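Everything numeric here is computed off the predicted structure, so don't read it as measured data. Note on naming: letters A, B, ... go to the chains in the order of the sequence lines (proteins, then strands), and numbering restarts at 1 for each one.
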2 protein chains.
Amino acid sequence: MEKIRKVTIQDVARYANVSVGTIDRVIHNRGKVSPEKRKKVEEAIEKLNFNPNLLARTLALGNQFTVCILIPAAPSEGHYWSMPLNGLEMGSAQFKDYGIITQYFFYDLFDEKTFTQQTAKILEINPDGVILAPLFLNESKLFTEKLKDKEIPFVFIDADIPNRQSLSYIGPDVKQSAYIAGRLMNSILPEKAEILIVNMVKGFDNASALKRMEEGFRAYFKEHGQEQNKHITTLTIKSKQKDEVFRELTKYYIKNPAVKGVFVTNSKAYLVSEFHQNHDLDIRLLGYDLVEGNINHLKSGGIDVIISQSPVQQGQRAVQTLFEFFIQKQEPEKILHVPLDIIIRENMGFYIGFNRQHRTEIKTTTVNN
Amino acid sequence: MEKIRKVTIQDVARYANVSVGTIDRVIHNRGKVSPEKRKKVEEAIEKLNFNPNLLARTLALGNQFTVCILIPAAPSEGHYWSMPLNGLEMGSAQFKDYGIITQYFFYDLFDEKTFTQQTAKILEINPDGVILAPLFLNESKLFTEKLKDKEIPFVFIDADIPNRQSLSYIGPDVKQSAYIAGRLMNSILPEKAEILIVNMVKGFDNASALKRMEEGFRAYFKEHGQEQNKHITTLTIKSKQKDEVFRELTKYYIKNPAVKGVFVTNSKAYLVSEFHQNHDLDIRLLGYDLVEGNINHLKSGGIDVIISQSPVQQGQRAVQTLFEFFIQKQEPEKILHVPLDIIIRENMGFYIGFNRQHRTEIKTTTVNN
DNA sequence: AGAAAAAGTGTGTGCGTGCACACAAAATAT
DNA sequence: ATATTTTGTGTGCACGCACACACTTTTTCT
């Protein structure tokens, strides 16, 4: 296979009878170039179909972009937040040679203070960009306000705060995801049935997201004339701890033994499934995210459907977005809703296998405590 | 944000008190290096956490890898094969600066001869790698045999031919996809129902794939004790033309008016849906691939579920696989089964939006006739 | 008119790495 | 002991591009 000579800036220079410097000036609209030569250069670029080599450009420029990533810590391997992290690491590895330097900051899902602490550190570092999961509303608002003052672009993943002038939001359409949940729930229940929505909140989470989910879920039944057939109630448990959840479920089921379907609005459906199995309850169950517990209960049949919000892609895409913004000067889409995958036992395996990174040499610059 | 100095080969050299040449020799196991210095260098690399800059390496090496891509031509924008093509173009753009040069060769889905013609051209070009959709079994066997003689690695996408020593197969698990179809069909049908599998074949396609699909589909019902409840028959239509399909469907439905669910084994479910709508038939319908026709009929409700086999990712991943093989010397996984997405009206939009490439400057080196 | 400023253009160096080559030191052969 | 390999190590160029600098030509000012 003989080499196909790639057209370089030299080729263009020769073709247009000018020096590389002039080509450079034309490309970057820098310095003065006489109209005639400019025209000749532009023609040459067009004619030879010249595309600057991004590698060489990056190397020559040598500029760096520090990106701070602020997400919840994943306490274990199978935890939800290990998946976006995985995607973020993939993205970091992919773009590190282009000068994208990522630093990770983890906060405790149950402790706003750790969030604020980490934001302070990030502000001190004064990075070129930030990727964050704004799970604490007020703290996130404060933080992004400061970022805006410093003109540091930021990307939201997983959760959105509208009208924050983020560079982009990459994550699920929360309301629609619950609408889909409604659709799926309806399709696996008999004509008439009682349905329970289970929320688990610790502290003062994103209450608005929960509200939007409930709306979305109920909207499906409303729009499809199922209001008379399906009786939907909501149980909000102020904990994600197993014992506490079990206690509340027991209490509820004793009073409402007719429940036929449960929609769990977070990734802890497996807890409910375990409860059902403990008590031999035949109840349809629907939840979020392909975390380890849910995987097991999908297998065992305790969970019927999981809706997954492309967690790995979210992370990967976020890094890519900043890469395209910094290096290629591309303005990203303000909102990028990721696919909401419908996962059942039978197609589960492919989602687990496909996005696993099989590179060896990934070292993440982790900044802890 | 002050610059973080990246560790270069120079830094390592200074740290280990040797020249860059020696570092290079250690890294690439080339030439002779005294044991002491080797040790010092290895320590320095470890200590400084040195990672060679892939960009600089690629630039310095300057080697190129020509990759020929052989897939069916997409007659229109919404055609199935425009999706893998889209992914392939994304991959090409992503890796072109690394020296991956892609050339496209399109064949007519209904004409083996065009396939053979294109393979001849590819063999003449003598590329470094090939990506192909081996939809014609015999012709593909002949082709890959020749590739093996020339020691040109090749990657299958979309369809697999087992035991061909391909570098990798990136595509769906066909049998499992039909099994999933069975699961979904069962869940949307009443207890007792008649089910029809519709195959459309033009000429002598991949008969074995159809067989595996049928097996997979029926397997679900068998494994779930539905054999008595569901009566499954197969209709094979020797065309993909609307009029011909309609004729055969008419003939079949007149004889079998009790059909309650139809599983279409290719991407033409929309034809069947149109037929159903024309004749006011209330029949559940399940098919493959998010092509334009299916999108419309999902919206209208004529199609209940579409199984999509990550067509864009298939293409993107195929290019990536060859990149990793050539540039990073990574041996890919022999089989990479892509996610089988379950698509209903409600989550359809996200799949359409997410993988659309929004780069402007992609020019594909297309080689036609 | 000459001086000064502006416009237009070419040259050279560096980015980080791979590799060919030159050269020194040590080991072996004569 | 000298000649010849072998082994070990350093230097310099190339890759394609950006950018600083030097230089020449033209225009404007006084």
- Rounded to the nearest Å, what distance is computed from the CD1 atom of residue B:I27 to the C1' atom of nucleotide C:dC19? 13 Å
- B:K329 NZ to C:dG18 P: how many Å, rounded? 12 Å
- Going by atom types alone, do A:S92 and A:Y104 pair a side-chain donor with an acceptor below 3.5 Å? yes
- So, B:Q316 versus B:Q94: side-chain donor-acceptor pair below 3.5 Å or not? yes
Only pairs under 3.5 Å count here: list side-chain donor-acceptor contacts from residues 6-22 of chain A, not counting sequence neighbours, and write none if there are none.
{"residue": "A:K6", "atom": "NZ", "partner": "B:K96", "partner atom": "O", "Å": "2.9"}
{"residue": "A:T8", "atom": "OG1", "partner": "A:Q10", "partner atom": "N", "Å": "3.0"}
{"residue": "A:T8", "atom": "OG1", "partner": "A:D11", "partner atom": "N", "Å": "3.4"}
{"residue": "A:D11", "atom": "OD1", "partner": "A:R5", "partner atom": "NH2", "Å": "3.0"}
{"residue": "A:D11", "atom": "OD2", "partner": "A:R5", "partner atom": "NH2", "Å": "3.0"}
{"residue": "A:D11", "atom": "OD2", "partner": "A:T8", "partner atom": "N", "Å": "2.7"}
{"residue": "A:S19", "atom": "OG", "partner": "A:G21", "partner atom": "N", "Å": "3.3"}

- Rounded distance (nearest 0.5 Å) linking atom CD of A:Q320 with atom CD of A:Q330: 9.0 Å
- Leading and trailing nucleotides of DNA chain D with any atom under 4.0 Å from heavy atoms of chain B: D:dT7 to D:dG16
- Would B:Y169 and B:F156 count as a close aromatic pair, with their ring centres under 6.0 Å? no
- In terms of ring plane angle, is the pair B:F65 and B:F326 parallel, tilted or perpendicular, where the classes change at 30° and 60°? parallel
- Item | Mutual orientation of the aromatic rings belonging to B:Y98 and B:F95 [parallel < 30°, tilted 30-60°, perpendicular > 60°] | tilted
- Side chain of A:S82, backbone of A:E77: donor and acceptor closer than 3.5 Å? yes
Could you go through residues 37-45 of chain A and list every donor-acceptor pair under 3.5 Å that involves a side-chain atom there, pairing it with any protein atom two or more places apart or in another chain?
{"residue": "A:K39", "atom": "NZ", "partner": "A:E43", "partner atom": "OE2", "Å": "3.2"}

Please write out each protein N/O paired with an N/O of nucleotides 14-16 of chain C under 3.5 Å, distance rounded to 0.1 Å.
{"residue": "C:dC15", "atom": "O2", "partner": "A:A60", "partner atom": "N", "Å": "3.3"}
{"residue": "C:dG16", "atom": "N2", "partner": "B:A56", "partner atom": "O", "Å": "3.3"}

- Message: Using a 4.0 Å heavy-atom cut-off to protein, can you give one letter per nucleotide of nucleotides 3-9 of chain C, 5' to 3': B if the base is in contact, S if only the sugar-phosphate is, - if neither?
- Response: ----SSB
- Determine which pairs satisfy salt bridge (Lys or Arg N to Asp or Glu O under 4.0 Å) with at least one residue from residues 48-61 of chain B, sequence neighbours left out, and list them in order. none
